[in-house]
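See structure below.
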Amino acid sequence: MDYPPVRRDESFVEELHGVKVPDPYRWLEDVDSEETKAFVEAQNAITVPFLEKCSARDIIKEKLTAMNDHPKYSCPYKRGKRYFYYMNKGLENQSILYMQDSLEGEAQEYLNPNKLSEDGTISIAGSRFSEDGETHAYMLSKSGSDWKTVHLKNVSTGEDYPEVLEKVKFSGLAWTHDNKGIFYGCYRDQEGKTDGSETTSNENQKLFYHRVGTSQTEDVLVVDFPENPKFRISASVSDCGKYLIVMPRQDCKDNLIYFAELPDNITGKIQLTPVVDELEAEYEYVSNDGSVCVFRTNKDALNYHLVKIDLLDAAKDKWTVLLPENKKDVLDWVQPIDNDKMLCCYIQDVKSVLQLRWLATGDLICNLPLEIGTIDGVSGERKQTELFYKFASKLSPGIIYHLDMTVEPYIPKVFREIKVKGLDTSLYEMQQVFYSSKDGTRIPMFLMHKKGLVKDGSNPALLYGYGGFNISVQPYFSYGQVSFMQLFGGVVAVPNIRGGGEYGDAWHNGGRLLNKQNVFDDFHAAAEYLVKEGYTSSRLLTSQGGSNGGLLVAACANQRPELYGAVISQVGVMDLLRFHKFTIGYAWCSDYGNPEEEKHFRNLIKFSPYHNVRVPSSGVFPATLLLTADHDDRVVPLHSFKLISELQHKLGKQPNPLLIRIDTKAGHGGGKPTMKVIEESTDIFCFEMNCLQLKLVE
Ligand SMILES: O=C(NCC(=O)N1CCC[C@H]1C(=O)O)OCc1ccccc1
């Protein structure tokens, strides 16, 4: 493979905590320079032909397209007097929001983002209806950027109000119950480009109140924390409409709680009363009766529990436990319903478990049976008497259940089943196995493959992982993973490695900060298990991960190159000494540690992908494809630019390709149009086929 020459500045060496650290590709951090633009063109110029060279490309694209070509639905939800739901006929770039007067009534197109751009790169990235359901606040994102614009629509007429709210990022939408306006978070003072192609750190978010029909310049600044420029301010209006609950967070772990009684007329700063004013746990507002609020928290409960806090008398010794911690299962979320009940969802050995409980006492009403899978959608409000939830599993993209609380006993009914074309699930099996990691910790892993698989090491395998930020990788439906099985007769393995939330805070803590290496060890052990049990061989094993998972597979390839045949690393965090300098990267210090602190610097430099590329003793490094995009402002593309340059420089003489695919008008992944999703999946499969000499089985 001939790689394009990339300028390597050997003179660029920084001294960090007394250690001389070279950074020869520091110049690639200037994403707007002509030299960097030339770098992008030159890299794509060798990657695109390599991916197009795959003889089965057209068949793969055809099969992926066919698999996606089926109607996809969200749970319906009621707002005011209408029902809404998202639906994609199959190959539409973006799902369309439909509206109907009743569940059985005729549905009409309400908001179609496909009409907002030629190429489907404008997506709906947030939505909230006013209490009376007559006004709709929704957010749009361009090219997958985290930057949003807020729009207001009159639901009856379908007409947008004239204003568009700009510089919105990391924000919710919360309505005052007089239906007059919304609270939203805005980086009003951020200078320079704000289209998602910049790398500027996001600081000084402020909370504003916007009155429908007025211009953004008239918005009222209601909350800011000038002494904490890294605070992101999430705001909710209580179910009763009386309180503003403000929950600032600085990173991705703990948050504070403040509140205020909402004035009838919002004309200026809102005076907040602290409820929790030290960053020591995570709190999520569930509901309230009068001044007594229910929060879901991991304070004194590693598996989370529900506590009652009286806003007017919020001393910790006055808190009471409403729903005690379950020592085995993690309380994942709670949805109040039918005024005095709540739907509680637990994670039990990685699968979802649903229970109905009394909101006042936490006592159990009944269990709602589920197969092995995940609840990946729920809709309902405390004041409503029905709710919907969407069940998905490794082999089922979705069954939407309807629970009507006016009928006892409470028996969920199948409201809609989402079926994939051309997938005969009876041909496949899915199991959960447990294997031991390097330190003896038992790690669960989902395995999926065709029934009758011969475990003789001759099957290709896909090993997918994430491993961080308290994210639980539950058994959800992945088109990419199912296609891998269908196309290559492969095995799909999803280990629930530490750093995730599968077993609560203990699992998250076991895989972060100075324990981060456990995550990589868990992943290596999964690869070794697959080979030892005969599911595959290393030369047929592809590791895949995105973002923090992109870091995972890149670090694992550096550490154990002999274990993996190919590496697919999407939008990865590759420079762990500088991640905190760009956009929202500083928020990740809760998992990675702050590189400015010596003990975290010394930890991070040991596995930071960019700083740990070395020629393997075997001389063979896995075939590697890094993927990123020009509008990824969550994990800026410079991470992958720098790593691919280091890989090609140090290992370019080896036979296995080391490539990067840089997409345009695309971001971190959210809101990606169907055509781009299929194109990217096709490229990934072509890379795997080219590099591992895989054969199509169907
Ligand atoms: O940065 C994160 N989350 C962590 C994140 O996105 N990470 C953490 C590491 C890289 C990347 C990833 O894995 O997707 O979220 C920022 C945010 C989004 C929405 C609302 C408030 C705040």
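In this chain, residues are counted from 1 in sequence order. We count ligands from 1, going down the list as the structure has it; atoms in each ligand are counted the same way.
Not counting sequence neighbours, the partners of Y285 by the side chain to side chain donor-acceptor pair (under 3.5 Å) test are N288.
The aromatic rings of W588 and F579 sit parallel to each other, their planes meeting at less than 30°, with 60° as the upper class boundary.
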With a 3.5 Å cut-off and sequence neighbours excluded, list the donor-acceptor pairs that the side chains of residues 222-230 form with protein atoms.
residue	atom	partner	partner atom	Å
D224	OD1	K269	NZ	3.2
K230	NZ	E203	OE2	3.4

Please tabulate, one pair per line, all N/O donor-acceptor pairs under 3.5 Å involving side-chain atoms of residues 662-673, not counting sequence neighbours.
residue	atom	partner	partner atom	Å
D663	OD1	K676	NZ	3.1
D663	OD2	K676	NZ	3.2
K665	NZ	D119	OD2	2.6
H668	ND1	D632	OD1	3.2
H668	ND1	D632	OD2	2.9
H668	NE2	S547	OG	2.9
K672	NZ	E680	OE1	2.8

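For a heavy-atom separation below 4.0 Å, the residues in contact with ligand 1 are F170, R232, C252, Y466, F469, S547, N548, V573, I584, W588, Y592, R634, V635, H668.
Note on D146 versus K169: no salt bridge recorded, every NZ/NE/NH1/NH2 to OD/OE distance being 4.0 Å or above. Looking at D189 and K167, no side-chain N of the basic residue comes within less than 4.0 Å of a carboxylate O on the acidic one, giving no salt bridge.
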